[in-house]
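Predicted model, so just to flag it, every value in this text is computed and none were measured. Sequence positions, counted from 1, serve as the residue numbers for this chain. Whatever order the structure lists ligands and atoms in, that order sets their numbers, starting from 1.
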Amino acid sequence: MVRRAALVTGGSRGIGKAVCEKLEALGYTVAAPTRQELDLSSSASVEAFLELHKNDIYDVIINNAGINDIHDIEEVTDDEIEQAMQINLVSPLRILRKFVPAMKKRRYGRIVNIGSIWGVVSKRGRVVYSMTKHGIHGITKTMAVELAEYNILVNTVCPGFTLTELTYKNNSEKQINHIERDIPIQRMAQPAEIADAIIFFAEDRNTYITGQLIAVDGGFTSK
Ligand code: NAP
């Protein structure tokens, strides 16, 4: 069997960590750069990483790292807009631009961009986050169209509420209990449950799904 290579951003914890563990268990070689090796908020860091790894070949790219600061529109700062755009949208696009040519040459690629339920519906305070998470699906759709003939399949997985540090940072325990009552399945997801969906779209067994947005949200966006 071919040993496939994957690049996963934000692999240190949460959903990204679960993805790395599952890919490794499946026999993939996984590159999960630390923040010191690749800081998506810094254009210079992204540039340096891409230069250092310009000859690397990845079969799979998972754009997972993301931030979510919550502010109503009047409170949003320029710095917050800039940071979220860089981390959630611009740097993932630059990474894809660098590694897609090698995928095209090998006529194989599986790309999974991580969106959010707030890239499907929205909620107050999510103006910047929703903008970036809607945007990432734009990247998915265009690249799916451009790259399908090269057997490069590109999809967006949109997690619902998942029990990671991001969720604990943005919600108190009381709020978590309250939210859980609002999810049809009546609980938040474990990172491994989101990772399972991501893995499907990253693997060889996905042969025909591309350009799609899949919400893994316990029914939240179907209400
Ligand atoms: P998390 O637990 O907060 O972990 C975020 C990951 O992103 C960490 O590995 C972190 O690295 C990395 N990261 C953040 N800023 C970075 C930067 N500037 N450069 C490089 N890496 C950076 O997040 P999560 O909850 O697993 O979320 C993963 C993805 O799912 C995100 O795109 C998020 O928007 C999306 N999502 C999550 C939920 C949820 O409920 N948790 C719901 C919908 C969508 P460090 O360890 O160095 O900080």
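- Salt-bridge check for D59 with R106: passed, with a basic side-chain N closer than 4.0 Å to an acidic carboxylate O.
- The pair R94-E47 counts as a salt bridge, with a side-chain nitrogen and a carboxylate oxygen less than 4.0 angstrom apart.
- Within 4.0 Å of ligand 1, the residues that place a heavy atom are G10, G11, S12, R13, G14, I15, R35, L38, D39, L40, S41, N64, A65, G66, I67, I87, I114, G115, S116, Y129, K133, P159, G160, F161, T162, T164, E165, L166, T167, listed by chain and number.
- Using a 4.0 Å cut-off between charged side-chain N and carboxylate O, R110 and E203 make no salt bridge.
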task = Determine, stepwise, if the pair E193 / R187 fulfils salt bridge (Lys or Arg N to Asp or Glu O under 4.0 Å).
result = CA-CA 12 Å; E193 293 177 287; R187 64 173 178 85; 2.8 Å; yes

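- For K169 and D69, the salt-bridge test passes: some basic side-chain N is under 4.0 Å from an acidic carboxylate O.
- The main-chain N or O of F201 is never found under 3.5 Å from a side-chain atom of N155 such that the two would form a donor-acceptor pair.
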